[in-house]
2 protein chains.
Amino acid sequence: MFLKHIDLIKGLYYSKTASLNDLSIYTGRSIPYVTKGIADLMKLDIVKEVGIRASSGGRKPATYSLIADTGFILSVAMNQFLTRIVIVNMNNEFVGEVQEFELKLGDNKDAIHSLIACIKAVVVNSGLPQDKFLAIGITMPGFIDAFLGNNLSFLKAPEETLVTYIAKQAGLPVFIENDSTAIALAEQKFGLPIARNNSMIINLGWGVGLGMIINKEIFKGHSGFAGEFSHLPLHKNGKLCSCGKQGCLETEASLLAIEAKAAEGLKHGQVSSLLKYDTVSADNIIDEALKGDAFAIKIIAEAAYFIGQGLAILLHLMNPESIILSGKGSVIGKLWLSPIQQAMNEHCIPHLTTYTQLAVSNLGNNAQLLGGVTTVIENLYKLNPQANISEPT
Amino acid sequence: MFLKHIDLIKGLYYSKTASLNDLSIYTGRSIPYVTKGIADLMKLDIVKEVGIRASSGGRKPATYSLIADTGFILSVAMNQFLTRIVIVNMNNEFVGEVQEFELKLGDNKDAIHSLIACIKAVVVNSGLPQDKFLAIGITMPGFIDAFLGNNLSFLKAPEETLVTYIAKQAGLPVFIENDSTAIALAEQKFGLPIARNNSMIINLGWGVGLGMIINKEIFKGHSGFAGEFSHLPLHKNGKLCSCGKQGCLETEASLLAIEAKAAEGLKHGQVSSLLKYDTVSADNIIDEALKGDAFAIKIIAEAAYFIGQGLAILLHLMNPESIILSGKGSVIGKLWLSPIQQAMNEHCIPHLTTYTQLAVSNLGNNAQLLGGVTTVIENLYKLNPQANISEPT
DNA sequence: GATACTTTTTAAAAAAAATAAAAAGTTTTC
DNA sequence: GAAAACTTTTTATTTTTTTTAAAAAGTATC
């Protein structure tokens, strides 16, 4: 009964409020079918009617929404150094503040236990009953095997898959996804309209990630490794990359590369407001660039130009509707835009750039957290319904 | 009645012989539905039962095929210099020989009229009644707007679209497609099994074309320009490309580039069996390379290495199941393979190449012609059925 | 060589979509 | 400014398609 209507729940979740007609279009099913389904969900107290919407001519449609506290999702967004956790209700609203935990992913045998402790703490401190949580969505860097539930790069679990281990410890279903893929999911569902059909989502972070939306769907390639933008062999700089090769794009264009360049510059006597910090972090550089520090702006623009070079290649191959700058680094979106556009124009077939819009995400630093939620929603059909959204028998 | 069963006709065309169960899987419809459909098509004398197939245990299935002379398709495969035309029946068999016509596409105001004359000649000489032809499928280089039916690069028609003009002159429906896309279509339908789901089809010809198969479907991008592999900005050689930029991949790796390099080498005193030709053509180079000429092999290997460099980028981004070398140049497939594989290994993240198979097409020089046929079959639903496969009323 | 297991085909029931009609608004027009 | 014409949503009915079940026709095994 409940499982049959998962697509309606997804449609309502992503649109927040929808009419029967909207849902018929979203699900691709007939209006009578949707009408019956919504009636069922209202009987189960999962959906409620929220009002009548204006019409451009014709009868005004009734609109429906999910009931916000029917269930909650725990979204866990990890990067190399920081883990952020938030609780989200069925109206896609954050419940309480985003909580941050310093947690080093690489070279840290204890990472998985720290992670579980953080998750438990957030669940307990929320004051919400455990059975109100639908599932946990964890998003993080690395080669993720979402099917088996393992991260091939970080967080090895003892003698079972990462997902089953955390699920057992936390007492909740767990789904995992790669951080860049998660950000692409978030942009697809909650971002700009031009990001929905054919879009390249760039994750500006400690690497330069790429999530691809092709024909409205996330594309991960034959074995799940598509979108390795960060390791495109574009430079002959001899710099060794974490992947083992030399000259990868990320050796010149990631936040890590920017940090290194800043440190190098300051050591050689660069004048900059960055000098006031003991050790210069990416966050410092972002802050000072926003305040107008010339040196900070220059090294960001340099990295942006290299990203633009890579994007020119992407443009030739994929001819996307849009390229969206998202992830941690996108909060200084405007600083990236013009050098990227410049590089793209220089390196593309004439006029090819006119078919693709370059834009900064409107999701800010929340993209990855929303991607974790989306990962759960997309996997809703795998949950045993009785365990969570209870169905009157 | 007929239109409803187009998907069954497509399934039978591509598989040549199929059981009801095969067709149910192919069309995604239930067996009762397929059973009724095939019965309908048999009444219309479009399909016949061709026998009973062996079974791996259980009742032997009846198998069905299209009746070969129900209709014919004219496939026209053009390149910069040569146009090849063949008639194909409903069992995907060539009827008569492939006919070749020298026809220059670029800088030739008369090209469209020459083309129409060639088509008319083939139709008349076939001795088949005009109304037995379903449609004409024309495949050629250039930016093709398959929706409107225009080639933005070559063959401008006076005051209407290219498709409507040729259709009017030839008295038959016309569909057009880009040559590399057509080759990808042919590989998808008639090529190796590994080319069906996620495959990059390389068209080794006067340029280096790319047709992408993503999630079992041809991907053309947001505005139809995806797959511009030939113009990836990978070289700093200063060589001007036909696209207006410098250093495109095709300036080093296409048959045109190979011709130029051969001429250059011979002028500077290279020892080679190529010296016996007045002007060296790509066909000569291919021939002599096959016979073992060291110089010919060397320049082909050089070009192949550059293609491999480009493919490394493709591999990082798309993580395909396979890369298929197809098109005119694939007849010397084995000469390309090892330098391409070498370059891919050198420029890819370790192990990434192990997930992708590199293979030479089994369709030889027929890929583009088969692509023209496929273009027609894929557009079958647009035809007025009564005009061609006649339906008893 | 009878029994157990597969696969295909046919028949009956259930589900979903397409169609048609009704209801409820908007906009146009005289 | 009210009636006609047009839109859009909702409800009811019919048709199409799928699902389920059963039968038919083989193959493999002990």
Seminar exercise, completed: When rounded to whole Å, the CD1 to P distance for the pair A/Ile52 and C/dA23 reads 17 Å
Seminar exercise, completed: Under a 4.0 Å heavy-atom criterion, the protein footprint on nucleotides 9-22 of chain D, written with B, S and -, is BBBB----SBB---
Seminar exercise, completed: The side chain to side chain donor-acceptor pair (under 3.5 Å) partners of A/Lys60 (sequence neighbours excluded) come to none
Problem set entry | Results of side chain to side chain contact (heavy atoms under 4.5 Å, CB included) for A/Arg53 - residues two or more places apart only | A/Ser19, A/Asp22, A/Pro61, A/Thr63
For this session: Please name all residues satisfying side chain to side chain donor-acceptor pair (under 3.5 Å) with B/Tyr14, sequence neighbours left out, ordered by chain then number.
Result: B/Glu378
Exercise. Got a sec, which residues hit side chain to side chain donor-acceptor pair (under 3.5 Å) with B/Tyr26, two or more places apart in sequence or on another chain?
Worked result: none
For this session: Report the residues that fulfil side chain to side chain contact (heavy atoms under 4.5 Å, CB included) with A/Thr27, sequence neighbours left out, ordered by chain and then residue number.
Result: A/Asp7, A/Leu8, A/Arg29, A/Val34
